[in-house]
Enquirer: 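Attaching a single structure in structure tokens format; questions to follow.
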Amino acid sequence: MRIDVLTLFPEMLEGVFGASILGKARDKGIVSLNAVNFRDYANNKHNTVDDYPYGGGGGMVLKPEPLFAAVEDLVAEGAQAPRVILMCPQGETFTQRKAEELSGESHLIFVCGHYEGYDERIREHLVTDELSIGDYVLTGGELPAMVVVDSVVRLLPGVLGNETSAVTDSFSTGLLEYPHYTRPAVFRDWEVPEVLLSGHHANVEAWRREQSLLRTLQRRPELLESAELTAKERAWLKRLVIQEKSQE
């Protein structure tokens, strides 16, 4: 996979791209991660990439010319048409399902803005997707882009040491992940659940599934509406809800 991030502050991304899982994936040649300064594509002697908004108002608006030129240059270098993703608060909320979808692409281009916003023609005629990582506003799109890149790259084959890790993550199954424990078996009188020490794999898997359901019910019950559950699991959850209400 190739990922290009268009930004005015490429130095913000290099530390993240060169460290931990992302750095190892890049070193292995699994993914190409590039921070591209779109100021280099400005078409004026002052390298200006923003201007005052028509109609007045506060803040500056990113001009279309540099971003169109940058994306078109990157598209020309690639073998296949990329997904061009605009990071903005108005975009579709990013989810694990979206990460899984994007992980199947061969080329992603992220557009990170600053200032008041983007010229609307960038939205209408340049990008293929608009993504938001939540209902809040940041100073720029670099941090959201890094969140999405990290989430997508870790799903690529060969990136994680254990290929089952990404499959059992929270949200990958539609549920929150079960609790984890490691040595020591007893810490300050807090014991690891006995079933995890039993060596009985079927019982361990049953416990993990139950804990995943229980944690989702307690913390994100709305996820259960679209989760793939058996009739037995739905009946068990219903009993838990009734029991909880009776104790209120």
Side-chain angles (χ1 to χ4, degrees), residues 1-17 22 32-78 80-153 222:
M1 175 182 278
R2 173 180 172 179
I3 297 177
D4 298 303
V5 181
L6 295 177
T7 172
L8 294 173
F9 303 96
E11 64 275 10
M12 288 183 64
L13 294 101
E14 284 304 328
V16 173
F17 286 175
L22 290 183
S32 170
L33 298 169
N34 311 292
V36 180
N37 192 336
F38 62 86
R39 191 181 297 279
D40 295 338
Y41 292 86
N43 61 351
N44 57 81
K45 66 179 181 179
H46 298 295
N47 291 331
T48 303
V49 296
D50 63 326
D51 209 334
Y52 294 103
Y54 280 124
M60 303 291 281
V61 176
L62 285 174
K63 295 162 61 66
E65 303 99 313
L67 285 169
F68 270 80
V71 169
E72 288 165 358
D73 190 31
L74 294 172
V75 169
E77 295 176 6
Q80 295 182 327
R83 297 276 285 273
V84 182
I85 302 166
L86 184 70
M87 303 306 303
C88 66
Q90 302 175 28
E92 172 190 352
T93 301
F94 183 64
T95 63
Q96 185 67 19
R97 291 284 179 264
K98 194 68 176 182
E100 292 167 358
E101 176 190 328
L102 294 176
S103 70
E105 299 289 334
S106 61
H107 188 189
L108 302 175
I109 298 176
F110 290 87
V111 179
C112 305
H114 266 69
Y115 313 120
E116 179 64 21
Y118 308 88
D119 185 291
E120 188 65 17
R121 289 165 290 190
I122 295 169
R123 280 196 170 93
E124 293 176 341
H125 305 292
L126 183 64
V127 305
T128 59
D129 302 80
E130 295 183 42
L131 288 181
S132 167
I133 62 168
D135 294 337
Y136 49 89
V137 180
L138 299 172
T139 55
E142 286 78 13
L143 291 174
M146 285 187 269
V147 167
V148 176
V149 169
D150 184 280
S151 182
V152 170
V153 170
E222 75 280 5

Enquirer: Checking salt bridge (Lys or Arg N to Asp or Glu O under 4.0 Å) against Glu130, which of Lys98, Arg123, Arg83 comes through?
Expert: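 Of the listed options, the one satisfying the test is Arg123.
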
Enquirer: To the nearest 0.5 Å, tell me how far Leu62 CG sits from Thr48 OG1.
Expert: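 Leu62 CG to Thr48 OG1: 11.5 Å, rounded to 0.5 Å.
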
Enquirer: Apply the side chain to side chain contact (heavy atoms under 4.5 Å, CB included) test between Leu131 and each candidate in Thr95, Val147, Leu86, Leu102; give the one that qualifies.
Expert: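 By the side chain to side chain contact (heavy atoms under 4.5 Å, CB included) criterion, Leu131 pairs with just one of Thr95, Val147, Leu86, Leu102: Leu102.
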
Enquirer: State the CG-CE distance between Leu6 and Met87, to the nearest 0.5 angstrom.
Expert: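 Leu6 atom CG to Met87 atom CE measures 13.0 Å (nearest 0.5 Å).
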
Enquirer: Quick check: closest heavy atoms across Cys88 and Tyr118, and the distance to 0.1 Å?
Expert: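 Scanning both residues, the minimum pair turns out to be CB-CE1, 4.2 Å.
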
Enquirer: Working to the nearest 0.5 angstrom, can you tell me the gap between Asp135 CG and Gln90 CD?
Expert: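 Here the interatomic distance stands at 11.5 Å.
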
Enquirer: Of all heavy-atom pairs between Phe68 and Arg121, which one has the smallest distance, and what is that distance?
Expert: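 That closest heavy-atom pairing would be CZ-O, 3.6 Å.
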
Enquirer: Okay, side chain of Ser151, backbone of Val148: is any donor-acceptor separation there less than 3.5 Å?
Expert: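 Judged by distance alone, no pair lies under 3.5 Å.
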
Enquirer: Can you name the side-chain hydrogen bond (donor to acceptor under 3.5 Å, both in side chains) partners of Glu72, sequence neighbours left out?
Expert: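 For Glu72, no residue satisfies side-chain hydrogen bond (donor to acceptor under 3.5 Å, both in side chains) once neighbours in sequence are set aside.
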
Enquirer: How long is the span from the CD atom in Glu142 to the CZ atom in Phe110, to the nearest 0.5 Å?
Expert: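 Spacing of CD (Glu142) from CZ (Phe110) equals 12.5 Å.
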
Enquirer: Under the salt bridge (charged side-chain N to carboxylate O under 4.0 Å, His left out) rule, what pairs show up with a residue in residues 44-57, not counting sequence neighbours?
Expert: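 Counting only pairs at least two positions apart or across chains, no salt bridge (charged side-chain N to carboxylate O under 4.0 Å, His left out) contact touches residues 44-57.
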
Enquirer: Could you give the distance from CG (Leu8) to SG (Cys112), rounded to the nearest 0.5 Å?
Expert: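 Between Leu8 CG and Cys112 SG, I get 9.0 Å after rounding to 0.5 Å.
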
Enquirer: Are Glu77 and Asp4 close enough that some pair of their side-chain heavy atoms sits under 4.5 Å apart?
Expert: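 They are not in side-chain contact.
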
Enquirer: To the nearest 0.5 Å, what is the distance between CE on Met146 and CG on Leu33?
Expert: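 Rounded to the nearest 0.5 Å, the CE-CG separation comes to 12.0 Å.
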
Enquirer: Which atom names give the shortest non-hydrogen contact between Ala35 and Glu14, and what distance separates them?
Expert: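 Nearest heavy atoms, Ala35 then Glu14: CB-OE2, 3.8 Å.
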
Enquirer: Distance-only, no hydrogens or angles: does the Thr93 side chain make a donor-acceptor pair with backbone N or O of Ser132 under 3.5 Å?
Expert: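 It does not hold such a pair.
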
